[in-house]
Amino acid sequence: MSTLVLPRILESGPGSLSRLGSVAGQAGISRALIITDATMIQLGYVERALSALSEAGVAAAVFDGTEPEPTETSIIAGLDCLKSGVEGAEFDGLIAVGGGSAIDSAKALSILAVHGGRMRDYKVPRIVDELGLPVIAVPTTAGTGSEATKVAVITDPESDEKMLCMGLGYMPFGAVLDPELTYSLPKRVTADTGIDAITHAMEAYVSRKANPFSDQQALAALRLMGPNIRRVFEDPQNADAREAMLLGSTLAGIAFSNASVALVHGMSRPIGAFFHVPHGLSNAMLLPEITAWSLPSAQTRYAQCARAMGWAADGTSDAVANDILLEELKMLNADLGVPTPSGFGIEEARWRQLRPLMAEQALASGSPGNNPRIPTADEIVELYDRVWA
C-alpha cells in the first residue's frame, strides 16, 4: 500500500511562465512574495514573473536574499521580508523563482510563517503534514525536482548539518515548468543538476520504499535524461534536450518524493554542509562508487536503469547491463568534468577527521535505510575513503 503526494497543478512547456498568474489565482494567492536571488533578477526572469502576476491582478514583492545552499540565516531574513507585507496587507502565498535553493527556501518560509519556531524544530524524524502558505515553484534548473517533492533541505549554521525536512506541508501547490528559463544555465550547473536528477530517479527506483507509481515516474525520467544529459551539456541551446531534462527532473522528483532517496543522498548532504560542495556535484562524486557497492543487492533494478537510459539494450542480461551502467556512470562524470573530493580542493586531513561525523549524520537522515544494501557507520566511512581521490 502506498500514499502518493503530488502538486495540484503543473504548467509545462516553452513559454509557460506566462501562465504563472493563472496558477497563483487557482492557489488563492492575491499577494505574493517572490523568493529568488540576484542572478534571477539580472537574467530578467523575475521581471517576467512579476509581469505575469500583474496581468492576473496579483500584487507582488521580491525577496532576493536566498543562498546557493540555504541556511537558517537566509530563512530568517526572508521571514522579516514576509512580515512586511505588500500594499498594506499580509502576503498570502509564495512564488519561488530559481533552483532548488530558492524552492526549498520558499517551502521553509511557508511552514515557519504559519507555525513559527526554527527549522531545526521541523527536521526528520518529525514529519510536517501541517499546511503552510501556498507555494508555486518556477524551477530554472533541471535537477532538484523540488517543485514536485514533499522535501526541503536547510543547513543549520550552528552545527553545519544539512537538515532533511519532510512532509505534506512542503509540497508546492503548483509548478511552472518553462524550459526557456534553463537556457542560461552555466555548463557546470547543467551538469551537476542533471546528474542530481538522474540520481533521484535511480535511487527512487532501487529504494526499499519503491512502489508501482514511483517506478513508472523513475523509469520515464531516466528515459528522458539518459540520452539528453550529454546533449544539453554540449549544446546548451538545444531546445528539445532542455525540455527533456526539465520534464525528466520533475518526474524524478515525483518518483523520489513518493519512494525516498537512498545512500547517495544520505552521504551527499554532509559533504555539502561541511565543505560547501553544491548538492548535485556531491551526488555526482558519489554515484558511481555507491552504485557499485549497492548493486549486488538490487541487480535487476539497476540493470533496468541502464536499459531505461538507453545505455544497455533491452535484451541485455542483467550482469552485462550492470557492467555497462557502472562504466557509463564513470564516463559520464569524466565527460561532464566532475571532480573527486580531492580534485575539488577539499583538505584531506579535514575530510578524514570528519568522516565519522558525516557517517553519523548520513545515517541520522534515514536515507541510507532505504538503500538496497544498508550500510553500517563503518562501511559509510570506508565508502568516503573510496571516493576521496
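Here the structure is a predicted model, which is why all the values come from computation and not from measurement.
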Reported OH-to-OG distance for the pair Y205 and S214, which is rounded to 0.5 angstrom: 9.5 Å
R269 and S367 side chains, donor-acceptor separation under 3.5 Å: yes
Electrostatic pair D240:R231 at N-O distance under 4.0 angstrom: no
Residues, nucleotides or ligands: over 12 heavy atoms within 6.0 Å of R8 CZ: no
Side chain to side chain contact (heavy atoms under 4.5 Å, CB included) between F344 and V277, intermediate numbers included: CA-CA 8 Å; F344 185 79; V277 179; 3.6 Å; yes
CD on E161 to CZ on R120, rounded to 0.5 Å: 9.5 Å
Side-chain donor-acceptor contacts of residues 288-298 below 3.5 Å, not counting sequence neighbours, with atom names and distances?
residue : atom : partner : partner atom : Å
T291    : OG1  : L287    : O            : 2.6
S294    : OG   : I290    : O            : 2.8
S294    : OG   : N371    : ND2          : 2.9

Stepwise side chain to side chain contact (heavy atoms under 4.5 Å, CB included) test for Y45 and V138: CA-CA 10 Å; Y45 297 162; V138 183; over 6 Å; no
F233 CZ to L332 CG distance, which is reported to the nearest 0.5 Å: 9.5 Å
Can I get a per-line list of side-chain donor-acceptor pairs under 3.5 Å for residues 303-328, giving both atom names and the distance, sequence neighbours left out?
residue : atom : partner : partner atom : Å
Q304    : OE1  : R307    : NH1          : 3.2
R307    : NE   : T316    : O            : 3.3
R307    : NH2  : T316    : O            : 2.7
R307    : NH2  : D318    : OD1          : 2.6
T316    : OG1  : A313    : N            : 3.2
T316    : OG1  : A313    : O            : 2.9
S317    : OG   : V320    : N            : 3.2
D318    : OD2  : T300    : OG1          : 2.9
N322    : OD1  : A303    : N            : 3.0
N322    : ND2  : Q299    : O            : 3.0
N322    : ND2  : D318    : O            : 3.2

Modelled atom types, side-chain donor and acceptor of S22 and Q26, under 3.5 Å: yes
Lys/Arg-Asp/Glu bridge criterion (N-O < 4.0 Å) met for E90, R31: no
Euclidean distance, L286 CG relative to S268 OG, rounded to 0.5 Å: 6.0 Å
